[in-house]
Amino acid sequence: MPKNSPSFSNKLITWYLQNTRDLPWRTTNNPYYIWLSEIILQQTRVLQGLPYYLKFVETYPKVEDLANAHEDEIMKLWQGLGYYSRARNLHATAKIVSEEMNGAFPNNYKDLLKLKGVGDYTASAIASICFNQPEAVVDGNVYRTLSRVFGISTPINTPAGQKEFKQMAQLLIDKTQPGTFNQAIMEFGARYCVPQNPDCPNCIFNENCKAFQHNKVSELPVKIKAKPIKKRYFNYLVVLSVKEKTVLRQRTGKGIWHRLYEFPMIETSEDINLPTLEKLPKFQSFSEEFQIENISLYNEKPVIHKLSHQHLITRFWIVESRENSEVAIPVSEIGNYAVPVLIENFVSDFFGNY
DNA sequence: AATCCGGGGCG
DNA sequence: CGCCCAGGATT
């Protein structure tokens, strides 16, 4: 356990005050804006989340605006950011705060933790930044910085590791300015104690850093290996009717892209050709429903869409249809629906930007 | 304790 | 190509 807590905290905060990025959520203590920024930034780089934060603040200036919005509209704004359960939980929590809490967020760690989509990290961030509570945040930056400076090799992605690092951070936090401390240690991890090739010779902690002293910077933090990536095979059926209409379906149930829209899709256990596709029972019922006249393969080489834990080997089949089904929508309206990046890429490729 | 959930940037 | 990102929910 660290013995030089005051020194660590003071040096860290001094560094932070001299190296503060100008970010929009740093100019407010409004819990709504802090909460919004923290949800958006979960597992997301600041530069990737920033434009989304600006869009949401502009579209929904108050939590009531977010609560009263339609989920489809929120999903559309969230499109491209990934981990879409965040957007659904965002809406649910906005409704709770707006309708059951009189528009005021809980003002303490324990009650913040009860909100959907708010875990230990986010509750600690809001409690410290907005309400000056001494709750230490532990995000990826904190794991990395503490494991190196104090030479902790407990795997960070285990309950034991999470507990140990949370306790360490609690000991280190400056209780007179917890919000500043929390943002300082995250900023330090993001800007200085970076994952690959940090500038240790010039680091403010290098004389005390266990990892630097023992030449183990590249070995910390320790993380249990992830499972191998799975391959899946998606066959999209892109309907084109004579009246320039197509068909989208909303994904429901469990799995990726929940509540996003996509073309009708048949998943197979391997990459298939047209004769094989036409024999599939799911395709035959689809073919009858939409009066298919002709089918052609759009992409000669499959599109390989890479997610963190699975690769999607994708074929787009262009299906010319005679009938105008009631569920068909004009092609020009596809852009109104929240779709996965895989679909967005295909649409702009095939239909062009509109 | 294990598993799932996106997309993008970087070396 | 592997690693990681201002994590959380579910089982």
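Worth knowing before you read on, the calculation uses all heavy atoms, side chains too, and leaves out hydrogens, waters and symmetry mates. Lettering follows sequence order; numbering is per chain, from 1.
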Checklist line | Ser124(A): side chain to side chain contact (heavy atoms under 4.5 Å, CB included) partners, not counting sequence neighbours | finding: Tyr109(A), Asp120(A), Glu135(A), Val137(A), Lys166(A)
Margin query: Heavy atoms only, 4.0 Å cut-off, all strands: where does Ile39(A) land among base, sugar-phosphate and nothing?
Written below: nothing
Next item on the list: Sticking with atom P, work out how far dT11(C) lies from dG6(B), rounded to a whole angstrom.
Entry: 16 Å
Item checked: Sugar-phosphate only, base, or nothing, as touched by Gly49(A) at under 4.0 Å among non-hydrogen atoms -> nothing
Next item on the list: Name the first nucleotide and the last nucleotide along DNA chain B (5' to 3') that come under 4.0 Å of a heavy atom in chain A.
Entry: dA1(B) to dG11(B)
Notebook entry, point to check: Starting at the 5' end of DNA chain B, which residue's closest nucleotide do you reach first, Gly82(A) or Gln196(A)?
Noted result: Gly82(A)
Next item on the list: Give a yes or no on whether a salt bridge exists between Arg232(A) and Glu267(A), defined as a side-chain N under 4.0 angstrom from a carboxylate O.
Entry: yes
Margin query: If you compare all heavy atoms of Val238(A) against all heavy atoms of Phe351(A), which two are closest, and at what distance to 0.1 Å?
Written below: CG1-CZ, 4.3 Å
Notebook entry, point to check: In this structure, are over 12 heavy atoms from other groups packed under 6.0 Å from Asn215(A) atom CG?
Noted result: no
Checklist line | Lys/Arg-Asp/Glu bridge criterion (N-O < 4.0 Å) met for Asp111(A), Lys114(A) | finding: yes
Next item on the list: Spell out protein contact along nucleotides 5-11 of chain C as letters: B when the base is contacted, S when just the sugar-phosphate is, - when no protein heavy atom is under 4.0 Å; keep the 5' to 3' order.
Entry: BBBSS-S
Notebook entry, point to check: Under 4.0 Å between a Lys/Arg side-chain N and an Asp/Glu carboxylate O for Arg21(A) and Glu187(A)?
Noted result: yes
Check: Between Ser285(A) and Lys282(A), is there a donor-acceptor pair closer than 3.5 Å when you use the side chain of the first and the backbone of the second?
Finding: yes
Notebook entry, point to check: Using 4.0 Å as the upper bound for N to carboxylate O, is an ion pair formed by Glu99(A) and Lys95(A)?
Noted result: no
Note to self: Out of the candidates Ile185(A), Asn182(A), Leu172(A), only one should pair with Val142(A) under the side-chain contact (heavy atoms from CB on, under 4.5 Å) rule; please name it.
What the structure shows: Ile185(A)
Next item on the list: May I ask you to say what Gln79(A) touches in the nucleic acid, namely base, sugar-phosphate or nothing, with a heavy-atom cut-off under 4.0 Å?
Entry: nothing
Notebook entry, point to check: If you measure from the C1' atom in dA6(C) to the same atom in dG11(B), how many Å do you get, rounded?
Noted result: 22 Å
Notebook entry, point to check: Which residue, Val341(A) or Lys227(A), contacts DNA chain B at a nucleotide closer to its 5' end, judged by nearest heavy atom?
Noted result: Lys227(A)
Check: Reckon His305(A) touches a base, only the sugar-phosphate, or nothing at all at heavy-atom distances under 4.0 Å?
Finding: sugar-phosphate
